[in-house]
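Note sheet for the following structure.
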Amino acid sequence: MNITKIWYDEMQTVFHDVGIMLFVVFLPLFYPLIYAYVYTPEVQRNTPVAVVDDSKSPLSREFIRKVDATADAEVVAKCINMNEAYQLMEQQKVYAIIHIDKDFATALNKGRQTVVGVYCNMMSMVYYKCAVSACSNVSIAMNRNIKVNNYLHPKTERESQIMQAPIDYVHTSLYNTQGGYAAFMIPPILMMILQQSLFLGIGMSMGRSREQNGGYVIPLNKFYKNAVEIVLGKMLFYLMLYIFHALYAFVIVNKIFGLPQLGHYTDFILFIIPYIVACCFLGMVLSYMIFRREDCMLVFVFMSLPLYFMCGLSWPGSSIPDAIRYISYLFPSTFGLNAYMRICSMGASISDVSFEMKGICIQICSYFLLACLIYTGKIRKMLNREH
């Protein structure tokens, strides 16, 4: 009965506070739409670029023609100097600048390495990807021709083809066939939004309780005498609310923007319930540091970007130092983002993400005990105050 009363009080607190509602109701509904919209369409074609050709040689002109012929970039301006190209970029007439140095042809003819500068407008990673991919592919192709014609001297056309590519390979993207950013970034971001909005909502609720109860995190009444009941009552409210948010992200957002949805609903439910519970318990533990409603903005919003990079998806996991990787295991997002990505985008079953699920289960047990200890201490202080 006490758990039901605490659940009801938490619901009343959330739905009578516009600030908390903003984070636990509206943010999980609208943020996924905004992120997915920004990165849709997934693939950019014919990105406008400007060229500054200081070499003015046949080789540099060949490089420019081949870049213009790619599907990723389109040369829309040939500028005299970099200042002119920068002005076009500031006006957003181009999104990248290709600078060819004056010794481009001379260095190549003498067998030395040369450099082509690519300057990108980073308002979107899509523009960067297109410009760099176009220049990289053209430079690799030209390098093969230079190597064969200048140093290997083939006698037949077939021999020349073999020397350029001794091993012919085909790159096939298994789970992101378009090579787009939305299919790569949005699924893990959806899980990060759930975690961070939970932290913000629980933190603001904790700050509100301190403000209304004279610095105490729980009201002075008979229903708040057992730490286990307090933790479970609060958790049940957020669990019920965030299951709806999770299903909304998994079903509606994925369908609207055509994101991968290969996983089975049963596997998703078996994953998402422990993930939300772990986030709730950790949110209660971290909220111990929140004394004012505004504090959670400084603590939890700052954590979002580091946690996203630490999960090993955006930044290669093999390149993350061991110390940082072990720290990342303290947060449900590390396991949750990887598990959701595999379930949603790769069609993995719950047994295929057993490592992540074990980590989440360990977090549930650990943070539940910590949250109970924190509330037990608060209850004792409150009882001592009454006496």
Side-chain angles (χ1 to χ4, degrees), residues 41-89 93-174 176-181 184 316 319:
E42 294 194 272
V43 179
Q44 173 72 25
R45 297 299 186 192
N46 295 322
T47 300
V49 301
V51 174
V52 179
D53 184 7
D54 289 336
S55 176
K56 297 180 177 62
S57 62
L59 278 174
S60 65
R61 288 191 289 270
E62 178 186 358
F63 185 90
I64 295 170
R65 285 196 304 270
K66 290 185 175 181
V67 168
D68 191 34
T70 63
D72 293 322
E74 179 183 2
V75 178
V76 298
K78 295 181 179 179
C79 303
I80 300 174
N81 52 47
M82 290 296 292
N83 290 332
E84 182 181 349
Y86 283 138
Q87 290 177 3
L88 293 176
M89 183 176 285
K93 294 182 179 180
V94 299
Y95 296 101
I97 302 170
I98 300 173
H99 178 236
I100 300 177
D101 197 67
K102 61 181 180 180
D103 66 345
F104 178 81
T106 303
L108 291 178
N109 290 329
K110 291 183 177 180
R112 299 201 310 265
Q113 185 181 30
T114 188
V115 176
V116 175
V118 181
Y119 305 85
C120 299
N121 185 334
M122 295 303 294
M123 65 183 298
S124 174
M125 290 292 291
V126 177
Y127 299 135
Y128 166 81
K129 176 187 175 184
C130 289
V132 172
S133 296
C135 292
S136 297
N137 293 333
V138 170
S139 65
I140 291 172
M142 288 185 64
N143 184 64
R144 288 175 177 173
N145 292 331
I146 293 171
K147 177 183 69 174
V148 171
N149 297 330
N150 294 357
Y151 301 101
L152 301 180
H153 306 294
K155 295 181 175 158
T156 64
E157 182 65 23
R158 179 56 181 163
E159 188 178 354
S160 175
Q161 294 175 358
I162 294 174
M163 288 180 177
Q164 289 181 12
I167 300 176
D168 192 13
Y169 67 92
V170 177
H171 176 264
T172 303
S173 181
L174 296 177
N176 188 3
T177 55
Q178 294 181 346
Y181 271 89
F184 165 68
S319 301

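The structure presented is a predicted model; accordingly, all values stated were derived computationally and were not measured. Positions are given from 1 along the sequence.
Between the side chain of Asp68 and the main chain of Val75, a donor-acceptor pair closer than 3.5 Å is present.
The shortest distance between side-chain heavy atoms of Phe63 and Leu59 does not fall below 4.5 Å. In this structure, the side chains of Ser139 and Val116 stay at 4.5 Å or more apart for every pair of heavy atoms.
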Pair Thr70-Val138, side-chain contact (heavy atoms from CB on, under 4.5 Å): steps then yes or no: CA-CA 8 Å; Thr70 63; Val138 170; 4.0 Å; yes

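Environment of NZ in Lys56: crowded, with over 12 heavy atoms of neighbouring residues, nucleotides or ligands closer than 6.0 Å.
Listed by chain and number, the residues in a salt bridge (charged side-chain N to carboxylate O under 4.0 Å, His left out) with Lys66 are Glu62 (sequence neighbours excluded).
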Using residues 78-87 as the side-chain source, report each donor-acceptor pair under 3.5 Å to any protein atom, sequence neighbours left out, with the distance given to one decimal.
from, atom 1, to, atom 2, distance (Å)
Asn81, OD1, Asn83, N, 3.3
Asn81, OD1, Glu84, N, 2.9
Glu84, OE1, Ile80, N, 3.2

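Residue Asp103 holds its CG atom at 8.0 Å from OG of Ser55, rounded to the nearest 0.5 Å. One distance of note links CG of Leu108 with OG of Ser60; it measures 10.0 Å at 0.5 Å rounding. One finds the CG atom of Asn109 at 10.5 Å from the OG1 atom of Thr114 (value rounded to the nearest 0.5 Å).
Here the closest non-hydrogen pair linking Lys93 and Val76 is O-CG2, 4.3 Å. Between Val118 and Cys135, the closest heavy-atom pair is CG2-SG, 3.7 Å.
The ring-ring contact (aromatic ring centres under 6.0 Å, His included) analysis of residues 117-146, with sequence neighbours excluded, yields the pairs Tyr95-Tyr127.
The closest side-chain donor-acceptor pair between Ser133 and Asp72, if any, does not fall under 3.5 angstrom.
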